[in-house]
Protein chains: 2
Amino acid sequence: MESMSDDRLSLLRRGPRFAELGDDELAGAHELATERSFACRETLFREGEEAEEFLVVLAGRVKLTQLGSDGQEVIARFLGPGDMCAAVAIFPGGTYPATAEAVEETRALGWRREPIDALLRRYPAFAVRAMRVLSERVRELQDRVRELSTERVAQRIARALVRLARQVGRPVEEGVLLDLPLTREDLANMTGTTLYTVSRVLTEWETAGIVRTRRRRVVIRRPHGLVSIAEDLPDPAPPGQREGSTT
Amino acid sequence: MESMSDDRLSLLRRGPRFAELGDDELAGAHELATERSFACRETLFREGEEAEEFLVVLAGRVKLTQLGSDGQEVIARFLGPGDMCAAVAIFPGGTYPATAEAVEETRALGWRREPIDALLRRYPAFAVRAMRVLSERVRELQDRVRELSTERVAQRIARALVRLARQVGRPVEEGVLLDLPLTREDLANMTGTTLYTVSRVLTEWETAGIVRTRRRRVVIRRPHGLVSIAEDLPDPAPPGQREGSTT
DNA sequence: CGTGTGTTTGAGGCACGTCAAGTGTCGTGG
DNA sequence: CCACGACACTTGACGTGCCTCAAACACACG
């Protein structure tokens, strides 16, 4: 019991989200939570259901999706250890705005409405921290809206990859591995395009040496190349490649 | 001085944002604020500047915009009385995520970081209320992302109009007037398209009797028609129109 | 009464979606 | 351990929704 507590506490602390909370806040918080486990492909909750629990991921990865009017799925974002979701559960009558599905074996901490409400009112720092996280999310979403409104598909895919690299990138010798199972369709659903277009763009980048892909895996070999595409800059000469056909 | 206080207090209370706060919270809050006035077309703050004040609009309308990479503007949303913005000002080092420009004569209340921080920690209800507003904004933005990802231009324009009707719609005899100056370009910047396409769509709807437009003004004559387009439903027969060519 | 800002309309092109086939790869059960 | 089936991915051909550019019009304001 004790060791499990410590385990969860340190996991919570390791995540970026709760680093600023004091020990007592954290202990108070985690005491009121219940831990849940989910198998790969299991859904944590569904869009539209009444929101019961506010969740913080301890381990694993979760895909948050919404359903488009004609049935296609739109990926809101991926969650990893330390990420929170379902903030609406704090308010009575709220419904989950998205569906959450584990894409790996996943563990999470859940708080029901009353405890989390008590927590927020008892530890203002907790609420302020949550506000900060929400503000960041608002900013991210506004960025995404801007991108979808003004940028071409290739730029958006590049941005999605860069974002994923920051979030779940793991350095490997070849470059940066995106450490989650990621299909072309996932990428399409993140950027508002189709899996066909994503496929074409990725093979193009593959021949340019920018990425290396295998089934459900992406390795970014030249991050800067992606950034250039995202920012619509002239292509920086990749190391060891000959150029000379611009005219 | 007293009457001015009362004036602002009641204005604050009238807005949907602060209705849940108690009297002392509200009084405490408004005491720490400073009032500002802005002429039409004056900018309250610019994207990227260091965020100095958290703002609540008392009267008038404000356009929140972001700049796309190649200079075109994307409209995040419009603010009316009771709406808040620049929540980032609460956190040290934050920068405004958008540019705010008054599109009418506007008055607003502003709080600097220290007072608002004190307020949040002193009145947890204030923070919880702010969280709720932020959660709603997150939901709205996710909806917009979904729309931009999956829907055609006409649907998105219809949705934008429906949304505006809810927010700033004023019943007039002809239908519902959108009570703010709104150009085709504004609508384009709200929906990720061009003013040309918006113009074409609107003239089509005008001949169908769904809207009536004048320069910078839009009146929605058949709200249900717009909703049908937004939801991609079969066109409901408008009152007094003949049909019979479906096969 | 002009000048600017908002708006309409047309012609043309392209980026991307759509549909159709096909290849490779993983996991599973015999 | 192999064979099958499902899933992930590729590639081509084709269509089209919307952007782009150019021109002219109309209303509002000084």
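Per chain, numbering begins at 1; letters A, B, ... match sequence-line order.
Listed by residue number, A:Thr183, A:Arg184, A:Tyr196 are the residues of residues 183-198 of chain A with a heavy-atom contact under 4.0 Å to DNA chain D. Sorted by residue number, the list of members of residues 68-76 of chain B with any non-hydrogen atom under 4.0 Å from DNA chain C is empty. In the region residues 144-156 of chain B, proximity to DNA chain D at under 4.0 angstrom, judged on heavy atoms, holds for B:Arg152, B:Val153.
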| request: Any chance you could lay out the side-chain contact (heavy atoms from CB on, under 4.5 Å) test for A:Leu148 and B:Val145, step after step, and finish with the verdict? | output: CA-CA 8 Å; A:Leu148 283 166; B:Val145 167; 3.9 Å; yes
| Would B:Glu206 and B:Leu202 count as a side-chain contact (heavy atoms from CB on, under 4.5 Å) if you check the C-alpha gap in whole Å, the side-chain angles of each, and the deciding distance to 0.1 Å? | CA-CA 6 Å; B:Glu206 182 122 27; B:Leu202 283 188; 5.9 Å; no
| said: Set out, in order, the CA-CA distance, both residues' side-chain angles and the distance that settles side-chain hydrogen bond (donor to acceptor under 3.5 Å, both in side chains) for B:Arg184 and B:Thr194, then state yes or no. | reply: CA-CA 8 Å; B:Arg184 310 283 180 251; B:Thr194 62; over 6 Å; no
| Candidate pair B:Arg139 and A:Thr95, rule side-chain hydrogen bond (donor to acceptor under 3.5 Å, both in side chains), full reasoning | CA-CA 11 Å; B:Arg139 193 202 221 89; A:Thr95 59; 3.1 Å; yes
| Candidate pair A:Ser149 and A:Arg144, rule side-chain hydrogen bond (donor to acceptor under 3.5 Å, both in side chains), full reasoning | CA-CA 8 Å; A:Ser149 301; A:Arg144 249 180 108 184; over 6 Å; no
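Spacing between atom CG of B:Leu182 and atom P of C:dT7 amounts to 8 Å, rounded to whole angstrom units. B:Glu206 has its CD atom 8 Å from the P atom of C:dT8, to the nearest Å. Between the P atom of D:dC9 and the CD1 atom of A:Ile157 lies a distance of 13 Å, rounded to the nearest Å. Atoms CZ (B:Arg215) and C1' (C:dT7) sit 8 Å apart, rounded to a whole Å. Summarising the geometry, the separation between CZ on A:Arg217 and P on D:dC7 is reported as 19 Å, rounded to the nearest angstrom. Distance, A:Glu204 CD to D:dG12 P: 13 Å, rounded to whole Å.
Axis orientation changes by 40° from one end of the helix from C:dC1-D:dG30 to C:dG30-D:dC1 to the other, with each end axis drawn from 5 pairs and the value rounded to 10°.
Minimum interatomic distance between B:Pro81 and B:Ala59 (heavy atoms only, all atoms of both residues): CG-CA, 4.0 Å.
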Without placing hydrogens or testing angles, list every side-chain donor-acceptor pair under 3.5 Å for residues 170-178 of chain A, not counting sequence neighbours.
none

Can I get a per-line list of side-chain donor-acceptor pairs under 3.5 Å for residues 40-47 of chain A, giving both atom names and the distance, sequence neighbours left out?
from	atom 1	to	atom 2	distance (Å)
A:Glu42	OE1	A:Ala39	N	2.7
A:Glu47	OE1	A:Leu67	N	3.0

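When the side-chain nitrogen and oxygen atoms of A:Ser199 are compared with OP1 and OP2 of D:dT10, one or more of them lie within a distance under 4.0 Å.
The base of D:dT20 is paired with the side chain of B:Arg200 by a donor and an acceptor separated by under 3.5 Å.
Salt bridge annotation for B:Arg163-B:Glu140: absent, with no cationic side-chain nitrogen under 4.0 angstrom from a carboxylate oxygen. Between B:Glu73 and B:Lys63 there is a salt bridge, since a side-chain N of the basic residue sits under 4.0 Å from a carboxylate O of the acidic one. The residues B:Arg159 and B:Glu151 are annotated as salt-bridged, a charged nitrogen and a carboxylate oxygen being separated by less than 4.0 angstrom.
Defined by atom type and a distance below 3.5 Å, a donor-acceptor pair is missing between the side-chain atoms of A:Thr99 and A:Gln66. No side-chain N or O of B:Ser69 forms a donor-acceptor pair with one of A:Glu231 less than 3.5 Å apart.
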